[in-house]
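Comments concern the structure below.
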Amino acid sequence: AADLLAGVRLVARLQHPSMVTLFDAGLCGLDVYTAMERLEGGSLHDRLAQGWRPAPQEALRVGAGIAAALAFVHEAGLLHGRVEPAHVFFFGPTQLKLLNCGAVGPDGGHDTLPVDAFGEPAPRESSPYTAPEVLLGIALDARCDVYGLGLVMYEMLTGHTAFSGDSPQALRNAVLLSDVPEAHTRNPAVPRALSSVLARAMARDPALRHQSMHELLDALTTEPAVAGRTRRTVGRDRRLLAAGACAGLLAASAGGFGAW
């Protein structure tokens, strides 16, 4: 519990416009409690379940916002480890927060299963968002979050999870063995350039994915063909995302939770 509390406090020191804010954490017996900002709205999972199908540019905006928050988490030496629609929370028409950022060991080590702010381990076989390296027991790094974000964006754009199965074993086999149809083949409105970016992010072999969240963010925000936008619009969106990351870095360096 003490190690988990140290990890939660590391996360709490991070402040980013697209991350939920943790105000306090402590021990209650053998359990860790957390206090976080109150949010009113609903998760991306809820929106998708209700039939929401964002246009490619809207899905790209959501994905880029998540990527910017994850890049900030990675710069602090942490992983999220459970990137999925249930952990993306909308609290306004266009505003979102990333929930349950996981500290994979307070020393920044990535050789154990991630836990969320409530100490719950990432599922090995029961989630279609579990990375292959988790199933295989391979050491984790930032590329597992690249994979998770690719799956989330794929589902937003196609209305389908990349993998499914009627049992944990069937789902495990799908993740480890099945090929995923490219997004544009399931939704012709998806630009092929964006479809290719997602296919790379979801590569089964981590060595074939974008090697950092910044690399994936660049692919989503600097190439006009990805969303059919003008270079001026791409540059503006990129500057806005960078401004949010800088604000988070300044808040973290100010030691907002230094009293812990």
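On a predicted model such as this, the values are computed, not experimentally measured, just so you know. Residue numbers run from 1 in the order of the sequence given.
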So, D46 and Q50: side-chain donor and acceptor under 3.5 Å apart, yes or no? no
Given Y154 and R186, is the side-chain contact (heavy atoms from CB on, under 4.5 Å) satisfied, shown in steps? CA-CA 10 Å; Y154 184 90; R186 284 184 150 176; 3.3 Å; yes
Which distance, rounded to the nearest 0.5 Å, do you find between the CZ of R61 and the CG of L96? 6.0 Å
Does atom NE2 of H160 have more than 12 heavy-atom neighbours from other groups under 6.0 Å away? yes
Quick one: do M202 and R209 satisfy side-chain contact (heavy atoms from CB on, under 4.5 Å)? Show the steps, please. CA-CA 7 Å; M202 296 186 296; R209 300 173 197 157; over 6 Å; no
Separation between OG1 of T161 and CG of L151, rounded to the nearest 0.5 Å: 9.0 Å
Does L60 form a side-chain contact (heavy atoms from CB on, under 4.5 Å) with L157? I'd like the steps, not just the answer. CA-CA 9 Å; L60 183 66; L157 289 163; over 6 Å; no
Taken to the nearest 0.5 Å, the spacing of I66 CD1 from H80 NE2 works out to 9.0 Å
Using every non-hydrogen atom in the two residues, find where L171 and P128 come nearest and quote the distance to one decimal. CD2-N, 3.8 Å
Student check: side-chain heavy atoms of S43 and H87 closer than 4.5 Å: no
Ignoring hydrogens and geometry beyond distance, is a side-chain donor-acceptor pair present between Y129 and E155 at under 3.5 Å? yes
Test your reading of the model: is there a side-chain donor-acceptor pair from S178 to the backbone of V175, 3.5 Å cut-off? no
Using the rule that two of Ile, Leu, Val, Met, Phe, Trp, Tyr join whenever any of their side-chain heavy atoms come within less than 4.5 Å, decide whether L208 and V146 are in one cluster. no
Check the pair R204 / D179 against side-chain contact (heavy atoms from CB on, under 4.5 Å), numbers first and verdict last. CA-CA 9 Å; R204 188 169 291 114; D179 293 327; 4.2 Å; yes
Any side-chain heavy-atom pair of E182 and S196 under 4.5 Å: yes
Between M153 and A59, what is the shortest heavy-atom contact and its length? CE-O, 3.7 Å
I want to check something: taking the side chain as every heavy atom from C-beta on, are N187 and R53 in contact at a cut-off of under 4.5 Å? no
Find the distance between OG1 (T130) and CD (E84) and round it off to the nearest 0.5 Å. 7.5 Å
Give me the ring orientation class for W52 and F90: parallel if the planes are under 30° apart, tilted from 30 to 60°, perpendicular past 60°. perpendicular
To the nearest 0.5 angstrom, please state how far the CZ atom of R192 sits from the CG atom of L194. 12.5 Å
Which atoms form the tightest heavy-atom contact between A67 and L149, and what is the distance? CB-CD2, 3.6 Å
How far does NE2 of H210 sit from CG of D145, to the nearest 0.5 angstrom? 14.5 Å
How about P191 and H184: do any of their side-chain heavy atoms sit closer than 4.5 Å? no
Please answer whether the main-chain N or O of L216 pairs with a side-chain N or O of R200 as donor and acceptor at a distance below 3.5 Å. no
Exam field: side chain R143 to backbone Q211, donor-acceptor pair closer than 3.5 Å: no
Distance-minimising heavy-atom pair for A64 and T221: CB-CG2, 3.8 Å
For the residue pair A170 and G165, what are the closest heavy atoms and their distance? CB-CA, 4.0 Å
Would you check if the side chain of T185 reaches a backbone N or O of P181 as a donor-acceptor pair within less than 3.5 Å? no
Please name the pair of heavy atoms, one in A183 and one in L198, separated by the smallest distance, quoted to 0.1 Å. CB-CD1, 4.5 Å
Is the CG atom of D205 crowded by more than 12 outside heavy atoms at less than 6.0 Å? yes
